J.: 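Right, I'll just put the structure down here and ask away after.
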Amino acid sequence: MALVEMTKVEERANGQLLFNVRVRSITGRMELPIAIKDQGSLALNEATVLRSTLGFAEELAAAVRPDKG
């Protein structure tokens, strides 16, 4: 099972927030910055960061899958 931690790093003047997302699992560890537009509440911001992180992971998985064509 993976452990996901996120920390708000910076609030930018243009309404963006920068989060650091740290993922740890038995296979390794990854950290990446995720910038989002402020959604108005901590819960909405964290949900948006998680969706962005999941989308990134799905794109990464698709990129490394062997071509079946």
Side-chain angles (χ1 to χ4, degrees):
M1 176 176 2
L3 173 66
V4 179
E5 300 173 3
M6 69 182 91
T7 306
K8 185 170 73 171
V9 176
E10 179 179 305
E11 294 184 31
R12 297 179 175 171
N14 61 358
Q16 279 196 335
L17 303 174
L18 181 64
F19 282 80
N20 185 42
V21 179
R22 190 173 295 123
V23 181
R24 284 185 258 167
S25 73
I26 59 170
T27 58
R29 180 183 110 148
M30 181 189 311
E31 288 188 42
L32 60 145
I34 300 283
I36 63 162
K37 185 175 191 289
D38 190 351
Q39 302 298 304
S41 74
L42 179 60
L44 289 173
N45 289 335
E46 288 181 347
T48 300
V49 170
L50 287 174
R51 278 193 303 277
S52 295
T53 303
L54 180 58
F56 177 81
E58 289 170 346
E59 288 182 32
L60 181 61
V64 298
R65 278 191 197 107
D67 186 12
K68 296 185 180 188

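Quick caveat, the model's predicted, so the values are computed rather than measured.
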J.: Would you find a donor on one side and an acceptor on the other, under 3.5 Å apart, between the side chain of Thr7 and the backbone of Val9?
T.: no

J.: Short question: side chain of Glu10, backbone of Lys8 - any donor-acceptor pair under 3.5 Å?
T.: no

J.: If we count only N and O atoms by modelled type, under 3.5 Å, do the side chains of Asn20 and Glu31 hold a donor and an acceptor together?
T.: yes

J.: Please enumerate all residues that pass salt bridge (charged side-chain N to carboxylate O under 4.0 Å, His left out) together with Arg51, with sequence neighbours excluded.
T.: none

J.: Evaluate the side-chain proximity of Met30 to Arg24: yes if any heavy-atom separation is below 4.5 Å, no if none is.
T.: no

J.: Any sub-3.5 Å donor-acceptor pair from Asn45's side-chain atoms to Gln39's backbone N or O?
T.: yes

J.: Taking the side chain as every heavy atom from C-beta outward, state whether Val21 and Val49 have any pair of such atoms under 4.5 Å apart.
T.: yes

J.: Compare all side-chain heavy atoms of Leu50 with those of Met6 and state whether any distance is below 4.5 angstrom.
T.: yes

J.: What's the spacing between Thr53 OG1 and Arg22 CZ if we round to 0.5 Å?
T.: 12.5 Å

J.: Kindly compute the distance separating CG (Leu3) from OG (Ser25), expressed to the nearest 0.5 Å.
T.: 10.0 Å

J.: Minimum heavy-atom separation for Ala2 to Val23, with atom names?
T.: CB-CG1, 4.2 Å

J.: Of all the heavy-atom pairs spanning Ser41 and Asp38, show the shortest one and how long it is.
T.: N-OD1, 4.4 Å

J.: Begin with the C-alpha distance, continue with both residues' side-chain angles, and end with the deciding distance and a verdict on side-chain contact (heavy atoms from CB on, under 4.5 Å) for Arg12 and Leu18.
T.: CA-CA 8 Å; Arg12 297 179 175 171; Leu18 181 64; 3.5 Å; yes

J.: Hey, could you give me the CG/CZ distance between Leu32 and Phe19, rounded to the nearest 0.5 Å?
T.: 13.0 Å

J.: Are Leu17 and Val4 co-members of a hydrophobic cluster defined by side-chain heavy atoms under 4.5 Å apart?
T.: yes

